[in-house]
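Below is one structure, written out as structure tokens; comments come after it.
In this text the structure is predicted, and so the values were computed from the model without any measurement. As the structure lists them, so they are numbered: ligands from 1, and atoms in each ligand from 1.
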Amino acid sequence: MNRVQNAPQPAKLIPNLGLKHRNTFGFDASAELAYEITSPEQIPEVISTVTNQKLTWRVLGGGSNVILPKVLPGVTLLINITGQEIISSDDDATYLAVGGGVNWHELVAWTLENNLPGLENLALIPGTVGAAPIQNIGAYGVEIADYIDRIEAFDAKDQAFVTLTKDACHFAYRDSYFKQNPHRFIVTKVVFRIHKNWNARIHYADLAKQFTDNSNPSPEEIFLAVCKIRTHKLPDPKMIGNAGSFFQNPIVPNEQYETLLKAHADLVSYPDVTGKRKLAAGWLIDQCGFKGQRMGSVGIYENQALVLVNHGGGTAQDILGLAKCIQDKVRAKFGVSLQIEPNIL
Ligand code: EPU
């Protein structure tokens, strides 16, 4: 007798989904058609339908790194795959598997509660676990790439589930293989490798300042210090719409850096892993006098010039207009081009 296999529940289809509360800029946007994905097994059918009907599609994670238009055409996938569990452990590390829909900051807090320190420098970064590796989130001298073992995803090009090892993810500063191949991968699960020999990383100036009288902070103390700094420097999206850093820190050749330094002795920069020089975009923008400025409904945050904000009622067009203004002035003053960091959908 043939037995009927347990088929997964199909993904929930939601027409005309309002996205104002699903993007941290708070832009008034909607998705023509949205699918809520709660299990990886639902993905192949959705992608096959979308491909057959030649519809455009994209994944929306926590909406914390996107610039949304009024209407997102085609299909928007909301990834709500949850769950986190320790799957194995060896002498050097603990392996933790986490669903793509889990909230990033909640995961960081959970790892600390479960005595798995390492991710504390990345506290309070908005967004989901599945979105985090796409732009290789980083803060205070740590990148998520340092903790990734492998990533499970659905490859829409080959219509198959794949597992990418850390090396295959091609991680770089705010970059990855997923970002280089847009509209292709849907991250379903991230397997973290949490090293057992924990070391405090408080060398970043802002963080070091918090520990002048404590050279041996615990992971929890670092977690709280990072939360404190971020709360001060970055506006809470619930109060003022924003997407964190709006531009990448530009990487320039050493000759250009030397020339700039001659003209601006207080230029803020860091050595980059590529041997070139990474400039603080926030400093460049600040020097052009933009901090705290407003242009209609949008503006530049008063405590951090790298963060553009929506004071309410702003649109993608408004924010891109302001961005162009900033890019033009920074280029004219320093000869440096700023790249927009969030994805423009
Ligand atoms: N600066 C100014 N004026 C400003 C802002 C910055 O002069 O208005 C100067 C300061 O001297 C400061 C330096 O620029 O020391 C760098 O600023 P900050 O330490 O605030 O860091 P950042 O380079 O602006 C990066 C990441 C952040 C991350 C922090 C901490 C990028 C694009 N941004 O910001 O990531 O939290 O370092 O590590 O790499 C994000 O990507 O959304 C994000 C918030």
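Among protein heavy atoms, the minimum distance from atom 11 (O) of ligand 1 is reached at Val268 CG2, 3.6 Å. Of all protein heavy atoms, the one lying nearest to atom 1 (N) of ligand 1 is Trp283 N, 3.6 Å. In terms of protein heavy atoms, atom 8 (O) of ligand 1 is closest to Ala305 N, 2.8 Å. Counting only heavy atoms of the protein, atom 39 (O) of ligand 1 lies nearest to Tyr173 OH, 2.7 Å. Scanning all protein heavy atoms for the shortest distance to atom 6 (C) of ligand 1 gives Gln304 OE1, 3.7 Å. What sits closest to atom 3 (N) of ligand 1 on the protein, heavy atoms only, is Asp286 OD2, 2.8 Å. At the shortest separation from atom 25 (C) of ligand 1 among protein heavy atoms lies Asn249 ND2, 4.2 Å.
Side-chain polar atoms of Asn52 and Thr49 form no donor-acceptor pair below 3.5 angstrom. Thr24 and Lys238 share no donor-acceptor pair across their side chains, judged by distance under 3.5 Å alone. Of the N and O atoms on the side chains of Ser269 and Arg277, at least one donor lies less than 3.5 Å from an acceptor on the other residue.
Ion pairing between Asp155 and Arg184 holds under the 4.0 Å rule for side-chain N and carboxylate O.
Two rings, from His264 and Phe334, have their centers less than 6.0 Å apart. Checked against the 6.0 Å centroid criterion, the rings of Phe154 and Phe161 qualify as a close aromatic pair. Annotation: Tyr177 is in aromatic contact with Phe185 [ring centroid separation under 6.0 Å].
Between Arg230 and ligand 1, a contact under 3.5 Å exists for at least one N or O pair. On a distance-only criterion, Tyr140 and ligand 1 share at least one N/O pair closer than 3.5 Å. Annotation: Tyr204 places no N or O atom under 3.5 Å from an N or O atom of ligand 1; distance criterion only. For Phe247, no nitrogen or oxygen atom sits less than 3.5 Å from a nitrogen or oxygen atom of ligand 1, counting backbone and side chain alike. In terms of polar-atom proximity, Gln135 is not counted as a contact of ligand 1, lacking any N or O under 3.5 Å from an N or O of the ligand.
Of all the heavy atoms of Ala280, the ones lying under 4.0 Å from any atom of ligand 1 belong exclusively to the side chain.
Taking every heavy atom of Leu306 and a limit of under 4.0 angstrom, the matching atoms of ligand 1 come to 24 (O). Within the listing of ligand 1, atoms 42 (O) sit less than 4.0 angstrom from a heavy atom of Gly244. Atoms of ligand 1 lying under 4.0 Å from any heavy atom of Lys291, numbered from 1 in the order shown and given with element: 4 (C), 8 (O). Which parts of ligand 1 touch Tyr270 is read off a 4.0 Å heavy-atom cut-off, strictly below it: atoms 13 (C), 16 (C). Close contacts between ligand 1 and Asp206 involve ligand atoms 19 (O) [criterion: under 4.0 Å to a heavy atom].
When all heavy atoms are compared, the tightest approach of Gly141 to His203 is CA-NE2, 4.0 Å. Residue Ala316 comes nearest to Leu68 through the heavy atom pair CB-O, 3.4 Å, listed as atom of the first residue, atom of the second, then distance.
Lys12 forms no cation-pi arrangement with Tyr35, by the criterion of a distance under 6.0 Å to the ring centre and an angle within 45° of the ring axis.
Note that atom 29 (C) of ligand 1 has no protein non-hydrogen atoms nearby, at separations under 4.0 angstrom. For atom 42 (O) of ligand 1, the protein comes within 4.0 Å by at least one heavy atom.
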message: Under the criterion ring pair (Phe, Tyr, Trp, His ring centres under 6.0 Å), I'd like the reasoning laid out for Phe178 against His170: C-alpha separation, chi angles, the key distance, then a yes or no.
response: CA-CA 9 Å; Phe178 307 105; His170 297 175; 9.7 Å; no
field: side-chain contact (heavy atoms from CB on, under 4.5 Å) assessment of Tyr173 paired with Asn136
entry: CA-CA 7 Å; Tyr173 169 62; Asn136 186 17; over 6 Å; no
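Within the set Arg174, Gln248, Lys233, the minimum heavy-atom distance to atom 19 (O) of ligand 1 is found for Lys233. In the candidate list Pro126, Ser245, Gly282, Gly282 is nearest to atom 4 (C) of ligand 1, counting heavy atoms.
Tyr204 and Tyr140 have perpendicular rings, their planes meeting at more than 60° on a 0 to 90° scale where under 30° would count as parallel.
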